[in-house]
Amino acid sequence: MADSLPSAPPSDPKPATATNSPEEATTTASSTTTTSSTPEGPTPPPVQIPLSWPADSSLTLDWIQNLISAFDWSSKNLPPAELPAVLPVSVFDTLVLTASKILHKEPNCVRIDDCNDNSRVVVVGDVHGQLHDVIFLLQDAGFPCDDRFFVFNGDYVDRGAWGLETFLLLLAWKVFLPQRVYLLRGNHESKYCTSVYGFEKEVLAKYGDKGKHVYRKCLGCFEGLPLASIIAGHVYTAHGGLFRSVSITPSKRSKGKKNRRIILNSETKPLSLGSLEELSKARRSVLDPPWEGQNLIPGDVLWSDPTMKSGLSPNTERGIGLLWGPDCTEDFLKKFELKLIIRSHEGPDAREKRLGLGGMDIGYTIDHVVPSGKLITLFSAPDYPQFQATEERFKNKGAYIVLNPPCFDVPEFHTFEAITPRPAAKPYYDYEDVIDSDEELDLASMVTST
């Protein structure tokens with residue numbers, strides 16, 4: 001890969017088009033670049049470091065491009081422990097605090113309604129700390145701007161070696177364009193997952209004695225990430241997908257001044273789909289979404305998976321969330337007058353085990369086609385996971401979706417390959433022995449970590 005990035009996004013790439021159907025165009029872009037040798041020694045930084053927060057506290061496109069260049073350069077030229085020489089803790093603190101204030105004010109389901117005939121909406125799936133692929137995706141799709149919205153479906157961290165830089169870069173975009181960039185929560189934006197799949201150790205390695213502070217601030221920011229989005233009234237996006245209705249019946253009000261709260265009876269009833277109103281009332285500010293109790297909707301939205309079997313059932317493979325069939329997709333789309341569900345959550349390793357569903361070779365699958373519309377799984381981390389214990393890599397492509405006017409309900413798929421070569425990096429988790437595909441969770445650990 002080149003030693004530094006261009007200061008402005010390149011012109012539109014030359015796509016090789018292949019059409020799945022008259023309504024669904026797919027373009028494939030090459031993201032392979034070359035590295036030039038530098039016998040004189042390490043490449044000097046392309047921008048002045050350490051980076052500083054703007055004096056007027058207003059981020060600019062130039063500041064974000066400098067951040068991109070600095071992160072790209074440091075990933076190739078500095079050991080992880082020297083990241084504070086690029087982004088000091090004081091700048092980290094200001095960025096995360098500013099972003100958190102914005103995120104915590106957003107509703108559980110953000111509605112993106114101010115699209116017009118000149119707008120485009122880019123939807124992105126899991127990226128898992130693959131910084132260089134994220135930078136390519138942003139350049140390939142075109143940077144966020146007044147007419148180009150971005151919706152990210154979560155899983156910014158874990159597994160990849162640059163989860164912190166990836167998350168901070170996207171937070172910077174959120175601060176710069178809060179009404180054009182929307183960051184949703186993934187199941188990996190949690191205390192449990194980040195303690196198992198590498199992000200916690202990554203942060204501690206990069207920020208040393210300030211690492212615990214940085215990690216706590218990231219966890220607090222995770223709690224503010226919205227759960228879902230509705231785009232132009234036609235497209236629902238979330239990390240995992242659909243969710244149950246939580247039936248709670250008020251029983252009686254406890255007596256006494258100190259304990260005046262309603263005691264609730266949670267009745268065991270057959271599973272049924274939840275409503276957008278229920279989603280709006282769920283409590284998302286939890287470090288680890290619970291798999292039992294009354295606050296089940298966040299866990300469902302982040303952990304659930306589609307299946308080809310009709311109905312709604314517990315997701316026993318993951319130990320949290322639901323499995324839902326094509327009939328549920330139809331019911332949800334029809335009830336809320338939607339045309340598309342775009343979810344993420346499953347990479348090539350997970351899909352390898354899912355009978356009846358397509359593999360993740362090209363970065364997306366169309367899982368359900370029903371009278372009211374479609375369900376799509378979107379995965380944006382190519383050649384995933386970065387560290388693989390198997391002899392043969394999956395070598396999957398990543399993808400993103402562009403939604404165009406007037407209705408923003410016809411997906412235009414863009415696939416891309418991983419940036420090669422990736423900078424040398426060591427994993428921050430035991431990828432040879434760790435639980436595969438987020439399955440068979442240690443739920444007891446989730447309890448003690450909340």
Side-chain angles (χ1 to χ4, degrees), residues 92 95-112 121-129 134 144 149-160 163-195 197 199-200 203 214-231 236-241 243 276 279-290 295-304 320-321 342-345 378 380-381 438 446 449-450:
F92 164 87
L95 173 59
V96 172
L97 176 62
T98 307
S100 291
K101 288 181 178 179
I102 297 170
L103 293 167
H104 278 275
K105 290 179 181 178
E106 292 183 329
N108 286 344
C109 183
V110 293
R111 290 185 175 268
I112 304 168
V121 181
V122 180
V123 184
V124 182
D126 299 34
V127 295
H128 281 295
V134 171
F149 297 72
F150 272 77
V151 178
F152 292 85
N153 263 357
D155 275 15
Y156 312 109
V157 303
D158 281 342
R159 297 185 183 266
L164 183 57
E165 291 92 330
T166 299
F167 184 55
L168 295 178
L169 172 59
L170 297 181
L171 287 184
W173 279 111
K174 180 64 180 177
V175 171
F176 177 47
L177 294 171
Q179 304 301 318
R180 293 296 180 267
V181 176
Y182 292 90
L183 305 180
L184 307 185
R185 189 172 181 176
N187 65 301
H188 278 263
E189 280 72 60
S190 65
K191 186 175 182 181
Y192 173 77
C193 281
T194 54
S195 70
Y197 294 97
F199 181 67
E200 180 182 13
V203 172
V214 170
Y215 179 59
R216 284 195 300 267
K217 293 297 183 182
C218 287
L219 290 179
C221 194
F222 292 165
E223 288 187 309
L225 295 167
L227 300 176
S229 79
I230 293 182
I231 302 167
Y236 169 85
T237 87
H239 182 71
F243 51 94
L276 295 179
L279 174 60
S280 71
K281 295 178 180 179
R283 184 169 67 89
R284 76 175 190 257
S285 58
V286 290
L287 290 175
D288 291 299
N295 193 32
L296 294 174
I297 287 177
D300 288 350
V301 173
L302 301 185
W303 284 93
S304 295
I320 184 172
I342 303 176
R343 48 89 63 174
S344 300
H345 193 38
L378 178 67
S380 303
D438 307 342
M446 292 178 70
S449 68
T450 56

Participant: Before you tell me yes or no, could you show the steps for Asn187 and Ile320 under side chain to side chain contact (heavy atoms under 4.5 Å, CB included), namely the whole-Å CA-CA distance, both residues' side-chain angles and the distance that decides it to 0.1 Å?
Facilitator: CA-CA 11 Å; Asn187 65 301; Ile320 184 172; over 6 Å; no
Participant: Answer yes or no: is there a donor N or O on one side and an acceptor on the other, between the side chain of His104 and the main chain of Ser285, under 3.5 Å?
Facilitator: no
Participant: Suppose we screen for side-chain contact (heavy atoms from CB on, under 4.5 Å). Which residues come up paired with Ala282, at least two apart in sequence or across chains?
Facilitator: Asn108, Asn295, Ile297, Pro298
Participant: Is there a donor-acceptor contact under 3.5 Å from the side chain of Arg185 to the main chain of Arg284?
Facilitator: yes
Participant: With rounding to the nearest 0.5 angstrom, report the CH2 to CG distance, Trp303 to Leu296.
Facilitator: 14.5 Å
Participant: Between Arg343 and Gly240, is there a donor-acceptor pair closer than 3.5 Å when you use the side chain of the first and the backbone of the second?
Facilitator: yes
Participant: Are side-chain heavy atoms of Leu276 and Arg111 found at a separation under 4.5 Å?
Facilitator: yes
Participant: Quick one: pull up CG in Asn153 and OG in Ser380 and give me the separation to the nearest 0.5 Å.
Facilitator: 8.0 Å
Participant: Does any N or O in the side chain of Ser344 come within less than 3.5 Å of the main-chain N or O of His239, such that one atom is a donor and the other an acceptor?
Facilitator: no
Participant: Anything under 30° is parallel, anything over 60° is perpendicular, the rest tilted; go ahead and classify Trp173 against Phe176.
Facilitator: tilted
Participant: List the atom of Lys174, the atom of Ile102, and the distance in Å for their closest heavy-atom pair.
Facilitator: CE-CG2, 3.7 Å
Participant: Would Val110 and Val151 count as a side chain to side chain contact (heavy atoms under 4.5 Å, CB included) here? Give the steps.
Facilitator: CA-CA 10 Å; Val110 293; Val151 178; over 6 Å; no
Participant: What are the two closest heavy atoms between Leu279 and Ala228, and how far apart are they?
Facilitator: CD2-CB, 4.1 Å
Participant: Any side-chain heavy-atom pair from Leu378 and Val124 closer than 4.5 angstrom?
Facilitator: no
Participant: Could you measure the distance from the OH atom of Tyr182 to the CD1 atom of Ile231? Nearest 0.5 Å is fine.
Facilitator: 10.0 Å
Participant: Got a sec, which residues hit side-chain contact (heavy atoms from CB on, under 4.5 Å) with Thr194, two or more places apart in sequence or on another chain?
Facilitator: Val157, Asp158, Phe199, Tyr215, Leu219, Phe222
Participant: Assess the residue pair Leu95 and Val175 against the criterion (side chain to side chain contact (heavy atoms under 4.5 Å, CB included)); give the C-alpha distance rounded to whole Å, side-chain angles, the decisive distance to 0.1 Å, and a yes or no.
Facilitator: CA-CA 8 Å; Leu95 173 59; Val175 171; 4.1 Å; yes
Participant: Working to the nearest 0.5 Å, report the span between NZ of Lys191 and SG of Cys218.
Facilitator: 14.0 Å
Participant: With side chains defined as the heavy atoms from C-beta onward, is the minimum distance between Tyr156 and Leu225 less than 4.5 Å?
Facilitator: yes
Participant: Distance from Glu223 atom CD to Asp288 atom CG, nearest 0.5 Å?
Facilitator: 9.5 Å
Participant: Measuring from atom NE2 of His188 to atom CZ of Phe167, what distance do you get when rounded to the nearest 0.5 angstrom?
Facilitator: 14.5 Å
Participant: Report yes if the side chains of Leu171 and Leu103 come closer than 4.5 Å at any heavy-atom pair, otherwise no.
Facilitator: yes
